[in-house]
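To start, the structure under review is shown below, and the notes come after it.
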Amino acid sequence: MDQGNYSRVAEFVLLGLSSSWELQYFFFVLFNFLYMAIVLGNLLIVITVISEPALHTPMYIMLSNLSVLDVFLATYATPKMIHDFLHEPKIISFEGCMAQIFLLHVFAGGEMVLLVAMAYDRYVAICKPLHYATIMNLCRCTGLVVGSWVIGVMHSLSQLAFTINLPFCGPNIVDSYYCDLTLVIKLACTDTYVPEVLMLLDSGLMGVTSFFLLLISYMVILVTVRGHSSVGMAKARSTLTAHITVVILFFGPCIFIYSSPFSNFPVDKVLSVFSTVFTPILNPIIYTLRNKEVKSAMHKLKTRYISSRLLFQLSLTRLNLLN
Ligand SMILES: *[C@@H]1O[C@H](CO)[C@@H](O)[C@H](O)[C@H]1NC(C)=O
């Protein structure tokens, strides 16, 4: 590929989620609301976990890391999408587009690995309870968290390495609300068969491996739980069902989008919304608000907040009296 033979496109045009103005106004309001809910819900989890020493266990530390990833995952494209609902044409610079591709793969890859780590943590806790403390110490937990970031970044770099050097010489219409690699790669002025296969292998390996690891660990846990019939096990079962819902909602769209790179279905962009908006919003609900420990920690936090505010007002009143 001779870089001198063509002038690279400076920007891409995004077609967005819909072309109808009414729908776009509706989406503008809806996604504004969803985005705020994602940020607030996940921040609440992070604050709760950090401020409550009882929650400084591998499971909750990974959970709050997942919340951070969720906020990132919801932020690499959604605010721009929300902005774009009211703007026409929807333009993104070449660099912005590559940045979106890079960030999406870092965050999505990281989230996949972290979900696997969390499933592994539950597997050890439920299937090997006596060895839990030695297997899942804080050091191993840090290793898993750092590992998921490292794997996400490596996966993304490998993906970008062959994308950024493709000759983008003219076609620049992306039929989505963000720069989706599966669509962008098709715009290169070259035979994109090999890059598409590479991309499929790269993302496919990542997605399918984590998906099956998750399925296997959840199945082993479910089988273990089935043998018992105590109340605790019933609770574990309902938690697991919720986890599996998240996994399917997150991975289903990814696998569908990446398994069909050679034929672009119009549902792809709707499915992407599931991975980048609905999973980040569901995680706090599913992992936390149904969880007694987290709920009581949040309650404590609220009480502490209210009492500190009372104290503050009390001292203000005293100050006023003194003056
Ligand atoms: C994420 O994980 C690391 C390593 O275990 C931990 O030190 C950190 O506090 C976690 N971050 C959050 C926001 O919980």
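Worth knowing before you read on, the calculation uses all heavy atoms, side chains too, and leaves out hydrogens, waters and symmetry mates. On a predicted model such as this, the values are computed, not experimentally measured, just so you know.
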*Parallel, tilted or perpendicular for Phe107 and Trp149, by the 30°/60° rule?*
perpendicular
_From CZ (Arg122) to CE (Met136), nearest 0.5 Å_ = 8.5 Å
*Applying side-chain contact (heavy atoms from CB on, under 4.5 Å), run through Met112 and His155 and close with a yes or a no.*
CA-CA 12 Å; Met112 285 179 183; His155 158 69; over 6 Å; no
_Pairs touching residues 17-45 that satisfy ring-ring contact (aromatic ring centres under 6.0 Å, His included), sequence neighbours left out_ = Trp21-Tyr25, Phe27-Phe31, Phe27-Phe85, Phe31-Phe85
*Side chain of Thr192, backbone of Pro195: donor and acceptor closer than 3.5 Å?*
no
*Closest non-hydrogen atom pair between Pro79 and Thr75, with its separation*: CD-O, 3.3 Å
_Beyond-backbone contact of Ile164 with Phe102, side-chain heavy atoms, under 4.5 angstrom_ = no
*Side-chain donor/acceptor of Asp84 to backbone N/O of His87, under 3.5 Å*: no
*Drop me the distance from Leu44's CG to Leu301's CG, to the nearest 0.5 angstrom.*
7.5 Å
*Write down the atom of Ile92, the atom of Lys80, and the distance for their closest heavy-atom approach.*
CB-CE, 3.9 Å
*Are Leu40 and Ile45 joined in one hydrophobic group, where the rule is that I, L, V, M, F, W and Y side chains link up if heavy atoms are under 4.5 Å apart?*
no
_Test of understanding: with disulfide (SG to SG under 2.5 Å), list the residues that count as partners of Cys189, not counting sequence neighbours._
Cys169
_Heavy-atom neighbours of Phe212 CZ exceed 12 at 6.0 Å_ = no
*Which residues satisfy the side-chain contact (heavy atoms from CB on, under 4.5 Å) test with Ser20, sequence neighbours excluded?*
Ser18, Glu22, Leu23
*Chi angles and distances behind the side-chain contact (heavy atoms from CB on, under 4.5 Å) call for Leu187, Leu183*: CA-CA 7 Å; Leu187 300 175; Leu183 300 176; over 6 Å; no
*Partners of Val184 by side-chain contact (heavy atoms from CB on, under 4.5 Å), sequence neighbours excluded?*
Phe12, Cys97, Met98, Ile101, Phe168, Val174, Cys179
_I'd like to know if the side chain of Asn42 and the backbone of Ile38 have a donor-acceptor N/O pair within less than 3.5 Å._
yes
*asked:* Test of understanding: with side chain to side chain donor-acceptor pair (under 3.5 Å), list the residues that count as partners of Ser158, not counting sequence neighbours.
replied: Asp202
*Inspect the surroundings of NE2 in His56 and state if more than 12 heavy atoms from other residues, nucleotides or ligands are less than 6.0 Å away.*
yes
*Is there a side-chain contact between Val273 and Phe278, using heavy atoms and a 4.5 Å cut-off?*
yes
*Are Tyr218 and Met62 connected in the hydrophobic side-chain network, where two residues link if heavy atoms are under 4.5 Å apart?*
yes
*Show your working on side-chain contact (heavy atoms from CB on, under 4.5 Å) between Gln100 and Leu104 and close with a plain yes or no.*
CA-CA 6 Å; Gln100 277 197 339; Leu104 165 66; over 6 Å; no
*Check side chain to side chain donor-acceptor pair (under 3.5 Å) between Lys300 and all other residues, then give those that pass, not counting sequence neighbours.*
Glu52
*May I ask whether Val13 and Ile185 are part of the same hydrophobic cluster, defined by side-chain heavy atoms of I, L, V, M, F, W, Y residues being less than 4.5 angstrom apart, directly or through others?*
no
_Just verifying a value: how many Å separate Tyr132 OH and Ile126 CD1, rounded to the nearest 0.5 Å?_
10.0 Å
*Can you measure from CD (Glu111) to CG (Asp70) and round to the nearest 0.5 angstrom?*
4.5 Å
*Once you round to the nearest 0.5 Å, how far does OG of Ser217 lie from CE of Met118?*
11.5 Å
*Hydrophobic cluster identity match, Phe162 and Leu157, side-chain contacts under 4.5 Å*: yes
*Near Tyr123 OH, under 6.0 Å, is it more than 12 heavy atoms from other residues, nucleotides or ligands?*
no
_Can you give me the closest heavy-atom contact between Ala108 and Leu73, atom names plus distance?_
N-CD1, 3.8 Å
*asked:* Using modelled atom types and a 3.5 Å cut-off, is there a donor and acceptor pairing between side-chain atoms of Asn172 and backbone atoms of Glu11?
replied: yes
*Quick one: CD1 on Ile82 to OH on Tyr177, what's the gap to the nearest 0.5 Å?*
11.0 Å
*Specify the closest pair of heavy atoms between Gln159 and Ser203, including all atoms of both residues, with the distance to one decimal.*
NE2-OG, 2.5 Å
*asked:* Quick check: closest heavy atoms across Ser67 and Val46, and the distance to 0.1 Å?
replied: CB-CG2, 3.9 Å
*Would you check, one step at a time, whether the test side-chain contact (heavy atoms from CB on, under 4.5 Å) holds for Ile281 with Val277?*
CA-CA 6 Å; Ile281 221 171; Val277 176; 5.6 Å; no
*Over all heavy atoms of both residues, which pair between Val49 and Leu55 is shortest? Give the atoms and the distance, please.*
CG1-O, 3.9 Å
*Quick one: are Leu34 and Thr78 in side-chain contact, heavy atoms under 4.5 Å?*
no
*asked:* Hydrophobic clusters here meaning ILVMFWY residues chained together by side-chain heavy-atom distances under 4.5 Å, can you tell me if Val220 and Ile135 are in one?
replied: yes
*asked:* Looking at Ser210 and Val113, would you say the former's side chain and the latter's main chain have a donor-acceptor pair under 3.5 Å?
replied: no
